[in-house]
**Q** 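Could you have a look at this structure, given as structure tokens, before my questions?
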Amino acid sequence: WAVALAVMDHRSNAEKFCATLGGVSGLLAMLKRPLDKEGKGDPQQAASYAMGNLCATHAPAQELFASFGGIEALLRLVPAPANPQVQRAACLCLANTVQNNCKLIIKTLNLGRNDKHAP
């Protein structure tokens, strides 16, 4: 949660975090982890909020996150019966990841179109 708060509206923190490849890949690793036995998904929720804040305040983070499979990781957290808090955080992160970026919007739509489990 500390990262989520640190990058929110603090451009210099976002730039430093984004410049460190371990920062984005660390959050992505948390997003890709299986949900805990209770299905709470606390690490996934925190990582979604942190990455969403980073993408909202630092546009280069959008491309970096997407290039490492971030959009795919978020889309795996959205379908039911996922924890509603995790779903909400993943959707907010996805919205911030693709905001004002036509290329990433098209990528997301194509991923959804190719998903056999999509409604």
Side-chain angles (χ1 to χ4, degrees):
W1 292 103
V3 174
L5 295 174
V7 298
M8 189 180 341
D9 296 327
H10 298 284
R11 183 176 174 84
S12 63
N13 289 348
E15 288 174 356
K16 289 175 189 170
F17 188 79
C18 192
T20 306
L21 185 60
V24 172
S25 65
L27 291 175
L28 189 54
M30 288 175 65
L31 290 173
K32 290 181 176 181
R33 287 174 48 181
L35 293 177
D36 53 19
K37 291 178 185 177
E38 295 83 31
K40 287 195 233 174
D42 290 340
Q44 292 83 355
Q45 183 180 3
S48 293
Y49 281 128
M51 198 65 232
N53 287 344
L54 184 61
C55 287
T57 60
H58 190 64
Q62 296 172 323
E63 293 286 341
L64 185 61
F65 182 59
S67 72
F68 285 103
I71 292 173
E72 294 87 343
L74 290 170
L75 291 174
R76 282 191 289 277
L77 294 174
V78 174
N83 178 313
Q85 288 83 11
V86 174
Q87 288 175 319
R88 182 181 318 114
C91 288
L92 288 170
C93 183
L94 185 60
N96 288 337
T97 300
V98 302
Q99 73 176 348
N100 302 318
N101 191 321
C102 294
K103 184 176 114 182
L104 294 181
I105 292 169
I106 291 169
K107 176 180 179 162
T108 304
L109 292 172
N110 285 334
L111 286 168
R113 190 174 297 134
N114 294 328
D115 183 358
K116 293 178 175 58
H117 303 304

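Values below: all heavy atoms of this structure, side chains included; hydrogens, waters and symmetry mates excluded.
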**Q** Pick from T108, T97, V98: which one makes a side-chain contact (heavy atoms from CB on, under 4.5 Å) with L74?
**A** T97

**Q** Please determine which of L75, V78, N96 meets the side-chain contact (heavy atoms from CB on, under 4.5 Å) test together with C91.
**A** V78

**Q** Would you say N100 and Q62 are linked by a side-chain donor-acceptor pair, where the criterion is simply a distance under 3.5 Å?
**A** no

**Q** Nearest 0.5 Å, please: how far is CG in L109 from CG in L104?
**A** 11.0 Å

**Q** I need the minimum non-hydrogen distance between C93 and G52, along with the two atoms involved.
**A** SG-N, 3.5 Å

**Q** Rounded to the nearest 0.5 Å, how far apart are CG of L31 and CD1 of I71?
**A** 12.0 Å

**Q** K32 versus R76: any side-chain heavy-atom pair under 4.5 Å?
**A** yes

**Q** Say you draw a straight line from CD1 of I106 to CG of L111; how long is it, rounded to the nearest 0.5 Å?
**A** 12.0 Å

**Q** For the atom pair CG (L94) and SG (C55), what is the distance rounded to the nearest 0.5 Å?
**A** 10.0 Å

**Q** Taking atom CG of N83 and atom CD of Q44, what is their separation to the nearest 0.5 Å?
**A** 9.5 Å

**Q** To the nearest 0.5 Å, what is the distance between CE on M30 and CG on D42?
**A** 9.5 Å

**Q** Return the minimal non-hydrogen interatomic distance between A61 and L54, and the atom names on each side.
**A** CB-CG, 3.7 Å

